[in-house]
Structures are given as C-alpha cells and as structure tokens.
J.: 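Questions regarding the structure given below will be posed in turn.
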Amino acid sequence: MSYLSEKELYRKYMEFFETAERKRRWRVFDDIDWDLAGKVEPTDDAVLCAETFCAVESYMPDYVAEGLNLVRESFGQAWWHVNWGYEEAKHALALREYLVRTGRRTMDQMIDFEADVLRKRWTLPFGTIRQMVCYGALQEKTTWMIYRKQMLATRGSGDELLTSIYRFISRDEAAHGGFYLDVIGSCLAEDREGTISDLHHVFSRFTMPAYDLVPDYESRVRVMRAVGIDRKAFLREVFLPIMSRLQVGRRELARAAAQEAARRQEGELPTPPG
Ligand SMILES: [Fe+2]
Ligand SMILES: [Fe+2]
C-alpha cells in the first residue's frame, strides 16, 4: 500500500498542533461556567444523550491504545494521536462533570456506569492506516454533526451550560475531521485509485464507534433521532460535504465498488459478514 512520506505527516501534525495550541485550546475548569450547574434544568432526554456521548468518549483508552499501536512507527501520526486522545479525554470529562454537577447522576452512578461501559472493548474496525484515516474522517465529521444538533436542541431548551460544553466539543470534532480530510487529500494526490478504493471500503461498512457497545444502545439511539440525527442528516451534512471537499465523484466510488465485487468473485477478497 502506498502512503504519505514521514516528512509530510510530520508537517501536517505540526500545523494541526500549532493551531490547536494557539487558537483552539479550552479549559474544563476555567472556560465552562459551572455556576450554571445549579440553575439549569436539564430535560431527561438531554441527560440521556449527554450520558450516551460520555460513554462513547469513555472508550478513550481503547481508541488511544489501538490507534497508537497502528501508527507507533510514525512520529507525526503517533504524536497527533496522543494530542487527539487528550482532546477526546476532555470531552468525556466535561460531560461527566455536567451530569454530576447538575445532580442528575451521582459520582457512584458514574463510576458504575463507566465500569459497565468498559466491560466491552472497542477494537479497530479497519486494518490499515489509510483505511483508518478514511474512517476517522467519517467518524469525526459525524460526531461533529451529532454534537452540533445536540447543541441547537439544548440551546432551544435553555440549558446554557450543556450548550457551551457542546460548543467546545463540536469545535474539536470539526478540527479532527478537518485533519483527516486534509490527510486524505494528500493520499488522493499520491494514489487516487487506491485511496478511493479505501474510501469505498470504509464508507460502505461504516458504523459509529462504540455505539453498539454502550448499554441500552437502542433506546439511546431512539432519543437521538428526536433531534434529527438520522440517515438523511448523515447524507446531507456529513457524506456529501466530505465527497465535495475531497472532490471525489459518485462514479469513482461506484467504480471502486464494482472492482471490489469483481475481486471478491475471483476469490481475492473474503465475503464480508452480514
Ligand atoms: Fe470527542
Ligand atoms: Fe474527535
């Protein structure tokens, strides 16, 4: 598999890190007005959603460990991954603090919940770095869309505290997605056919990370649909903008799909489960 040079990956990491340090950093203890915790009245749905996102972000040890092992020989990618892990850890922390400080969950309940969550383990959904970059772009952009929709819903219900937390988190998710898209752009310039094949491979099998690992998954997803998080929104706000930004046409993806099907028929690739 063809992939980017270490020099280019390092340069991308440094650009991302410099912008993050200079312009995007936010502090859990100083930038969130926790005095609001005693004043807001979160709805049950908002609490359930915050707890769901907290659970998904709480797989951070698996995300970091699995991802870091995959890229450990690349300085730029390994250092980027650790910075990314720090930001994701902060997301889980802010949501956890929100649930406890508003009195909607006790510390003991959160500890039990997190222990329950981590009883299952997240593993890498794809086997190569470039496929994981494609997955990262789709996953981060979807996460951004979800937080943004939640932010609009909590703003509408007058929960300024959760709105401000979602604003900080969604800004981070947008930056993560942007980084992956930038890397994919370089991959396309270097090996267009191979990269589009990976894009098709990942996009046709995509599911959100860890959602299916979180306890009571189905009822949680039902609540999220109520604020407009569904397949239509995914296509309109995530998939199509990604394709447009990458300047990859549907025909190119269809060609990659046909090539994959042909290779499977010839026995070069295993038939995917399901
Ligand atoms: Fe996150
Ligand atoms: Fe993220």
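Counting convention: from 1, in listed order, for ligands and their atoms alike.
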J.: Which atom name would you report as the N, O or S atom of Glu140 nearest the Fe ion (ligand 2)?
T.: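 Output for this pair reads OE1.
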J.: Ignoring water, what protein N, O or S atoms are under 2.8 Å from the Fe ion (ligand 1)?
T.: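 Under 2.8 Å from the Fe ion (ligand 1) - ignoring waters, which are not counted - the protein N, O or S atoms are Glu57 OE1, Glu57 OE2, Glu88 OE1, His91 ND1, Glu173 OE2.
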J.: Would you give me the side-chain donor-acceptor pairs under 3.5 Å for residues 220-227, sequence neighbours excluded?
T.:
{"residue": "Arg220", "atom": "NE", "partner": "Pro215", "partner atom": "O", "Å": "2.8"}
{"residue": "Arg220", "atom": "NH1", "partner": "Glu51", "partner atom": "OE1", "Å": "3.0"}
{"residue": "Arg220", "atom": "NH1", "partner": "Thr52", "partner atom": "OG1", "Å": "2.9"}
{"residue": "Arg220", "atom": "NH2", "partner": "Glu51", "partner atom": "OE1", "Å": "2.9"}

J.: Got a sec: does the CD of Glu160 have more than 12 other heavy atoms crowding it under 6.0 Å?
T.: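 Count not over threshold, so no.
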J.: Who passes side-chain hydrogen bond (donor to acceptor under 3.5 Å, both in side chains) against Asp44, sequence neighbours left out?
T.: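 Expected list: Arg104.
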J.: Give the ring-plane orientation class for Phe126 versus Tyr135, where under 30° counts as parallel, over 60° as perpendicular and anything between as tilted.
T.: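 Ring orientation, 0 to 90° scale: tilted.
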J.: Can you list every pair that meets salt bridge (charged side-chain N to carboxylate O under 4.0 Å, His left out) and has a residue in residues 68-91, with sequence neighbours left out?
T.: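 Listed once each, the pairs are Arg24-Glu87, Arg25-Glu87.
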J.: Start with the C-alpha gap between Val71 and Ile129, add the side-chain angles, then the distance that decides, and say whether side chain to side chain contact (heavy atoms under 4.5 Å, CB included) holds.
T.: CA-CA 7 Å; Val71 298; Ile129 296 175; 4.1 Å; yes
